[in-house]
2 protein chains.
Amino acid sequence: MFAIGQASRQSGVNIETIRYYEREGIVPAPGRSAAGRRLYSTEEIAMLRFVRRCRDLGFPISVIKTFLSLSGQDDRRCAEVKILADDHLSQISAKIETLTRLQDALANLSRNCDAGTAACPMLEALMQDGFGADEAG
Amino acid sequence: MFAIGQASRQSGVNIETIRYYEREGIVPAPGRSAAGRRLYSTEEIAMLRFVRRCRDLGFPISVIKTFLSLSGQDDRRCAEVKILADDHLSQISAKIETLTRLQDALANLSRNCDAGTAACPMLEALMQDGFGADEAG
DNA sequence: TCTAATTCCTGTAGCCACTACAGGAGCAAG
DNA sequence: CTTGCTCCTGTAGTGGCTACAGGAATTAGA
């Protein structure tokens, strides 16, 4: 059995985050020593590692909870897991698309700045029908 | 002068968000009617629209505050704007890279599931040195 | 055996950028 | 005069942590 610090080092999950997961019922509460300190088994540490891997893949906690409940079942409900994963995958793809469009838009705005004119073309573009210094002058 | 609902519709900023921006000092507090209702000028609405455009481009509020303070100045400090924008741009690029790697990893995991074996290969992979049903059996 | 450093405990507050109420007041149209 | 819309303030919730404060226990070394 391991103290929380060791569990943290072995699982890669921050100590405060481990306690947070316990509070939120994402992982079950471990046993305690006589003095009230948390004691983790290797299985419990593996579970923390699992949560971390899922988080690294960007899965939200709600989905990870479902994974954990499915992982207890005999066939592990592969179809359900796949649906959740593919859904997440498409969300990631959508995010990439959005960001790529942002990237383009920003790069365009930034390029205009290279001229180095007096009034910043970037702010001008963003203001368009403005509120800036132009109004006053 | 326009009530907050109209300002919201014209700027594309949610009513609650407008009040939030005011509370946080992101935009100045507008005048009020005799009954205490907010009244916005077209310049103030343009400013809300500016904030929204920046948010749409993913700029954090802190940077937008800087933009707004720079936009009051005569030369609009183009160089500073450009630095902030390019910094943001590189953060976006980094995020895209991360997500693309995630996308690959997830797609790989999901592909394995197509076999439709009894134990879900995806959960297996994520558990690896596990805590799941295997332990018990 | 004492001490100092480290680890652990609980509980609360903060982060970001909103969003969603509750509970009440004003205001415009029929 | 009523109905329904808009507006007000203030507070709490979202997600997923992270960072304290203030105290107790454990461990390593002298």
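Heavy atoms only: backbone and side chains are in, while hydrogens, waters and symmetry mates are out. So that the names make sense, note that chain A is the first sequence line, chain B the second, and so on, each numbered from 1. Remember, predicted model here, so these are calculated numbers, not experimental data.
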Could you walk me through whether A/Phe50 and A/Leu68 satisfy the side chain to side chain contact (heavy atoms under 4.5 Å, CB included) test, starting with their C-alpha distance in whole Å, then the side-chain angles of each, then the deciding distance to 0.1 Å, before giving a yes or no? CA-CA 9 Å; A/Phe50 173 82; A/Leu68 286 171; 3.6 Å; yes
Should [X] and [Y] count as side-chain neighbours, where that means a heavy-atom distance under 4.5 Å?
X: A/Arg55; Y: A/Arg52; result: no
X: A/Val13; Y: A/Val51; result: no
X: B/Met122; Y: B/Leu106; result: yes

So which of residues 28-37 of chain B are in contact with DNA chain C, with a heavy-atom cut-off of under 4.0 Å?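 Only B/Ala35, B/Arg37 qualify.
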Heavy atoms within less than 4.0 Å of DNA chain C: which residues of residues 60-67 of chain B have one? Give them sorted by number. B/Pro60, B/Ile61
In the hydrophobic clustering (ILVMFWY, side-chain contacts below 4.5 Å, transitive), which residues join A/Leu39, or is it alone? A/Met1
Between CZ of A/Arg49 and SG of A/Cys54, what distance do you get to the nearest 0.5 Å?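 Going from CZ on A/Arg49 over to SG on A/Cys54, the span is 13.0 Å.
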Please assess A/Leu70 against A/Glu80 for the test side chain to side chain contact (heavy atoms under 4.5 Å, CB included), listing each intermediate value before the final yes or no. CA-CA 8 Å; A/Leu70 290 176; A/Glu80 289 179 48; 3.5 Å; yes
With a 4.0 angstrom cut-off to heavy atoms of chain B, pull out the first and last contacting nucleotide of DNA chain D, in 5'-to-3' order. D/dT6 to D/dT9
Can any side-chain N or O of [X] pair as donor or acceptor with the backbone N or O of [Y] at less than 3.5 Å?
X: A/Ser8; Y: A/Ile4; result: no
X: A/His88; Y: A/Leu57; result: yes
X: A/Ser110; Y: A/Ala107; result: no

For the student: nearest non-hydrogen atoms of B/Ile96 and B/Thr100, plus distance: O-OG1, 2.6 Å
How close do B/Arg38 and B/Arg19 get, heavy atom to heavy atom, and via which atoms?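 Looking at all heavy atoms of both residues, the shortest contact is NH1-CD, 3.6 Å.
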Could you tell me the separation between the CG atom of B/Leu39 and the P atom of C/dC27, rounded to a whole number of Å? 11 Å
What is the separation between atom CG on B/Leu48 and atom P on C/dC18, rounded to the nearest whole Å? 12 Å
Partners of B/Ser41 by side chain to side chain donor-acceptor pair (under 3.5 Å), sequence neighbours excluded?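 Applying side chain to side chain donor-acceptor pair (under 3.5 Å) to B/Ser41 gives B/Glu44.
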Could you identify which residues of residues 7-25 of chain B place a heavy atom less than 4.0 Å from some atom of DNA chain D, listed by residue number, or say none?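 Residues of residues 7-25 of chain B that come under 4.0 Å of DNA chain D are, in numerical order, B/Ile15, B/Arg19.
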